[in-house]
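Comments concern the structure below.
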Amino acid sequence: MFMQRVIQTLSRWYNLESRDLPWRQTTDAYCIWISEIILQQTRVVQGVGYYNRFVMELPNIQSLANAEEGDVLKLWQGLGYYSRARNLHYAAKQVMTEFGGVFPSTYKDILRLRGVGNYTAAAIASFAFGEKVPAIDGNVKRVGARFFGLHAPIHTMGFQKELFSLLFELMDGADPNVFNQAMIEVGATLCLPTQPKCDVCPLAEACIARLQNLQKQIPVVAKKQKPKDKYFYYVDIEVGGERVLVRREGEGIWQQLYEFPMIEGDGADWDLETVAKGLGIVENFVVKGDRSFKHQLTHQTIYARCWYLCISSDKFVLNDGWERFNEEEFLLKPIHRLMEKMIKFT
DNA sequence: CATTCGTGGCA
DNA sequence: TTGCCAAGAAT
């Protein structure tokens with residue numbers, strides 16, 4: 001049939017033209033799992049280095065389950081969405097306790113793991129175990145919407161259910177591994193949001209959006225809300241050659257990562273005296289520098305100002321939760337990009 | 001169903 | 001400079 005030939009063309013294109021990526025060299029469910037978590041909302045070029053370091057350092061489920069959470073976070077340093085690292089660690093323990101140390105091999109079982117949702121479970125089940133289940137990520141949503149000519153907004157459940165049904169039917173008889181990988185690959189390299197390369201696309205002859213010239217109208221994407229402003233005032237304190245850090249607690253952003261002592265402000269141009277008092281610093285100090293920068297997040301913009309203080313003596317008493325780090329120790333602790341930027345300032 | 005989680009590249 | 005958003009999941 002026509003569709004069967006299109007899928008053959010897709011498969012042939014994938015085998016000839018797909019990128020050579022490290023996680024495509026293995027059928028080890030553990031490695032594929034690590035790669036899928038790393039690649040959530042993350043570009044391949046950014047994730048590949050993290051993947052190589054991660055599987056080198058923690059090559060199997062046992063080593064990850066037995067690792068310290070701080071070491072797992074350290075491997076994640078700078079990648080963002082740090083709950084992925086904590087969930088990964090938690091899920092490794094799940095595999096040890098709930099699955100007897102053997103990585104689950106079905107979509108249904110894989111879905112039980114913390115941090116593994118619809119897409120990731122389908123990806124692992126099809127890539128590592130050949131299970132027939134569509135893996136629908138952002139790429140496949142775009143490819144599918146255009147290929148089937150779906151006008152529903154891609155973030156809705158209605159779209160998700162219809163696409164799942166259509167893909168499940170389309171992949172009948174195909175190799176689930178190759179089919180899913182190929183759909184993702186088409187989205188990542190050809191079926192781009194703007195300027196899709198329809199002239200070299202293996203799906204072009206059957207693509208509704210292309211046949212009706214609707215590539216600009218499909219997929220229908222919801223507008224994103226504007227970022228809100230937040231103002232963080234940090235102090236970089238040096239005490240006797242050591243720096244002061246605080247570990248973030250609670251439920252918010254960057255939880256369990258280290259940062260300079262900070263108070264949140266309202267946007268007014270606070271002076272260092274006010275910030276220091278707000279942090280409970282009453283000893284004499286000397287200002288060594290004053291740097292500020294803007295940091296973009298998904299739904300907020302953080303305006304951070306960093307002051308570099310030198311506390312004059314060893315009489316300085318650390319507040320509760322404050323810790324001292326020398327340069328060597330400091331680099332071993334999990335820190336995030338914001339911290340790295342600040343350190344470059346001082 | 002809407003928000004909240006990072007980071008970096010690019011038009 | 002600003003906006004967009006990439007191999008999503010949890011709440």
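The sequence lines fix the lettering, A, B, ..., with proteins before strands; numbering per chain opens at 1.
- A/E259 pairs by the salt bridge (Lys or Arg N to Asp or Glu O under 4.0 Å) definition with A/R248, not counting sequence neighbours.
- Following rounding to the nearest Å, A/Q255 (CD) and C/dT11 (C1') show an atom-to-atom distance of 13 Å.
- To the nearest angstrom, P of C/dT2 lies 11 Å from CG of A/D229.
- Among the heavy atoms of the strands, none lies under 4.0 Å from A/I37.
- At least one side-chain nitrogen or oxygen of A/W254 sits closer than 4.0 Å to the OP1 or OP2 atom of B/dT7.
- Summarising the geometry, the separation between NZ on A/K216 and C1' on B/dA11 is reported as 12 Å, rounded to the nearest angstrom.
- Residue pairs satisfying the salt bridge (charged side-chain N to carboxylate O under 4.0 Å, His left out) criterion with at least one member in residues 200-221 of chain A, sequence neighbours excluded, are listed as follows: A/R5-A/E205.
- Scored by the side-chain hydrogen bond (donor to acceptor under 3.5 Å, both in side chains) test, A/Y107 finds A/N118 as partners (sequence neighbours excluded).
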Practice prompt. At under 4.0 Å between heavy atoms, which parts of nucleotides 5-10 of chain C does protein reach? Answer with one letter per nucleotide, 5' to 3': B base, S sugar-phosphate only, - none.
Written response: BBBBSS
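- When the nearest nucleotides of DNA chain B are assigned to A/M157 and A/I253 by heavy-atom distance, the more 5′-ward of the two goes with A/M157.
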Per-pair distances, 0.1 Å, donor-acceptor, side chain in residues 162-172 of chain A, under 3.5 Å, sequence neighbours excluded:
| from | atom 1 | to | atom 2 | distance (Å) |
| --- | --- | --- | --- | --- |
| A/D172 | OD1 | A/K132 | NZ | 3.1 |

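- With rounding to the nearest 0.5 angstrom, the CD atom of A/E251 is 11.0 Å from the OG atom of A/S83.
- Taking atom OH on A/Y82 and atom C1' on B/dT7, their separation rounds to 8 Å, with Å as the unit.
- The same atom, P, is picked in C/dA7 and in B/dC5; the two are 23 Å apart, to the nearest Å.
- If you take NZ of A/K223 and P of B/dT3, they are 15 Å apart, rounded to a whole angstrom.
- Cluster note: A/I218 groups with A/L214 through ILVMFWY side-chain heavy atoms spaced under 4.5 Å, whether in direct contact or through intervening members.
- Using a 4.0 Å heavy-atom criterion, one finds that A/G47 contacts no nucleic acid atom at all.
- At least one cation-pi condition fails for A/R84 and A/Y81: the charged atom is not both under 6.0 angstrom from the six-membered ring centre and inside a 45 degree cone around its axis.
- Taking atom CG of residue A/L75 and atom P of nucleotide B/dG6, one finds them 17 Å apart after rounding to whole Å.
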